[in-house]
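Written below as structure tokens is the structure these notes are about.
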Amino acid sequence: QVLLLGGTDQDGTATPSVQLVDLATGICTPQAALLNACSLFAAARLLDGGIVCAGGTDGLSTAEMWAAPVQGALEAAWTWRGLPAMSVWRSGCSGCVLSDGRV
């Protein structure tokens with residue numbers, strides 16, 4: 001499976017769209033949208049399966065994390081939650097997870 005995050009639509013406008021693509025079946029399933037429409041941002045998968053997205057076009061200094069539902073919540077979906085803003089905006093940047101779990 002692949003999670004497709006943000007980007008731009010056919011008009012070149014940043015989008016908050018998130019889609020889960022099953023590579024075996026080709027089925028694309030909508031997921032909870034990003035909190036901020038963005039393109040050219042950094043994304044990194046955390047050791048627990050969560051994803052951090054930060055920065056992007058239009059001078060974004062935002063950061064957000066896709067996280068698992070609260071433990072014990074039945075039928076709950078993963079959701080996005082805001083993180084503290086970066087001190088400077090970034091666009092076209094990259095992110096990675098270090099071996100100790102830091103981003």
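The residues of the chain are indexed from 1 along the displayed sequence.
Between Trp66 and Val52 there is no side-chain heavy-atom pair separated by less than 4.5 Å.
In plain terms, the two heavy atoms of Trp89 and Gly56 that are nearest each other are CE3-O, 4.1 Å. When all heavy atoms are compared, the tightest approach of Cys38 to Leu34 is SG-CD1, 3.8 Å. Scanning both residues, Ala44 and Val97, for their nearest heavy atoms gives CB-CG2, 4.0 Å. Residue Leu5 comes nearest to Ala43 through the heavy atom pair CD1-CB, 4.0 Å, listed as atom of the first residue, atom of the second, then distance. Closest approach of Ser94 and Ala42 over heavy atoms only: C-CB, 3.7 Å. Between Met65 and Leu83, the shortest heavy-atom contact is CB-CD1, 4.0 Å.
Expressed to the nearest 0.5 Å, how far CD of Glu64 lies from CZ of Arg81 amounts to 11.0 Å. Between the CG atom of Leu60 and the CG atom of Leu40 there is a distance of 10.5 Å, given to the nearest 0.5 Å. Taken to the nearest 0.5 Å, the SG atom of Cys53 stands 8.0 Å off from the CG atom of Leu3. Here the straight-line distance linking atom CD1 of Ile27 with atom CG of Asp22 works out to 6.5 Å at 0.5 Å rounding. To the nearest 0.5 Å, the span separating CG on Leu4 from CD on Gln31 amounts to 10.5 Å. Interatomic distance, CZ of Arg45 versus CD1 of Ile51, reported as 7.5 Å (0.5 Å rounding).
The hydrophobic clustering, which links ILVMFWY residues whose side-chain heavy atoms are closer than 4.5 Å, places Met86 and Phe41 apart.
Under the 3.5 Å distance criterion, with hydrogens and angles disregarded, no donor-acceptor pair is assigned to the side chains of Ser39 and Thr8.
Judged as a salt bridge (charged side-chain N to carboxylate O under 4.0 Å, His left out), and not counting sequence neighbours, the contacts of Asp100 are Arg102.
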